[in-house]
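What you are looking at is a predicted structure, and each value in this text was computed from that prediction instead of being measured. When a residue number appears, it is its place in the shown sequence, counting from 1.
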Amino acid sequence: QVQLVESGGGLVQTGGSLRLSCAASGRTFSWYAMGWFRQAPGKEREFVAAISWSGGNTYYADSVKGRFTISRDNAKNTVNLQMNSLKPEDTAVYYCAADRSARKGIAIYQYDYDYWGQGTQVTVSS
């Protein structure tokens, strides 16, 4: 079993930055592909970014490409999401997720992921 705990959310003005972190329990974290998803009020949860187990491959939703950066530190069992140039439409609860399949690449679909955090709120004011 893996537990994921997100942190770093908050309130920021348009154009500002936030850095989300996800701390994972378990000794096999380095095998897992990791991802970030978000859910805005009244909307379905959507993919944001993903990273392979090695950190060598990353993938982003078009809506955040060039503004967000996903990274991981396998020695610390953490995955991060640096969010720059934030927009009001980025307002959502952000979730960290882990894929235990030990795939070599990345996972971009919700059904690929086995473990989910509780989420952290990000609010961008206009």
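- In the hydrophobic clustering of ILVMFWY residues, with side-chain heavy atoms under 4.5 Å counting as a link, W36 and F68 come out together.
- Judged by distance alone, with hydrogens and angles left aside, the side-chain atoms of S52 form no donor-acceptor pair with the main-chain N or O of G105 at under 3.5 Å.
- Few gaps surround CD on E46; more than 12 heavy atoms of other groups in view lie less than 6.0 Å from it.
- Qualifying side-chain contact (heavy atoms from CB on, under 4.5 Å) partners for D99, counting only residues two or more places apart in sequence or in other chains: A33, S101, R103, A107, Y113, D114.
- The main-chain N or O of L20 is never found under 3.5 Å from a side-chain atom of E6 such that the two would form a donor-acceptor pair.
- For Q39, the side-chain contact (heavy atoms from CB on, under 4.5 Å) criterion is met by R45, Y95, not counting sequence neighbours.
- Of the possible polar contacts, none joining the R38 side chain to the A92 backbone as a donor-acceptor pair under 3.5 Å is found.
- Between the side chains of D73 and T78, not a single donor N or O lies within less than 3.5 Å of an accepting N or O.
- Here S54 contributes atom OG and R72 contributes atom CZ; the two are 8.0 Å apart, rounded to the nearest 0.5 Å.
- By the 30° and 60° cut-offs, the orientation of the rings of Y32 relative to Y115 is tilted.
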Next on the checklist: With side chain to side chain contact (heavy atoms under 4.5 Å, CB included) as the criterion, how do V79 and I70 come out once you've worked through the C-alpha distance, each side chain's angles and the decisive distance to 0.1 Å?
Outcome noted: CA-CA 7 Å; V79 60; I70 188 170; 4.0 Å; yes

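- For the pair M83/V122, a side-chain contact is recorded, criterion being any heavy-atom separation below 4.5 Å from C-beta on.
- In this structure, S126 OG and Q13 CD are separated by 9.5 Å, a value rounded to the nearest 0.5 Å.
- By the rule that hydrophobic residues join a cluster once side-chain heavy atoms approach within less than 4.5 Å of another member, M34 and L18 end up as members of one cluster.
- In the hydrophobic clustering of ILVMFWY residues, with side-chain heavy atoms under 4.5 Å counting as a link, V48 and L86 come out together.
- Rounded to the nearest 0.5 angstrom, I106 CD1 and T58 OG1 are separated by 7.0 Å.
- Proximity of a side-chain donor or acceptor of T91 to a complementary backbone N or O of V124 within less than 3.5 Å is detected.
- The shortest non-hydrogen separation linking N77 to N74 is OD1-O, 3.2 Å.
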Item to check | Pair F29-V2, side chain to side chain contact (heavy atoms under 4.5 Å, CB included): steps then yes or no | outcome: CA-CA 8 Å; F29 172 80; V2 173; 5.9 Å; no

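- The cluster map of Ile, Leu, Val, Met, Phe, Trp and Tyr, joined by side-chain heavy atoms under 4.5 Å apart, puts L81 and V12 in the same cluster.
- Of the residues listed (Y60, Y59, Y109), the one engaging F47 in a side chain to side chain contact (heavy atoms under 4.5 Å, CB included) is Y59, and it is the only one.
- Aromatic pair F37/W116: centroids less than 6.0 angstrom apart.
- Under a cut-off of 6.0 angstrom, the local environment of CD in E89 is crowded, with over 12 non-hydrogen atoms contributed by other residues, nucleotides or ligands.
- In this model, a donor atom of one side chain and an acceptor atom of the other lie less than 3.5 Å apart for T123 and Q121.
- D62 and K65 are joined by a salt bridge, as a carboxylate oxygen and a charged side-chain nitrogen come within less than 4.0 angstrom of each other.
- Judged as a side-chain contact (heavy atoms from CB on, under 4.5 Å), and not counting sequence neighbours, the contacts of Q82 are S17, R19, T69, N84.
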Next on the checklist: What verdict does the side chain to side chain contact (heavy atoms under 4.5 Å, CB included) test give for S125 and L11, after you've listed the backbone C-alpha separation in whole Å, the side-chain angles of each residue and the deciding distance to 0.1 Å?
Outcome noted: CA-CA 7 Å; S125 63; L11 174 64; 4.3 Å; yes

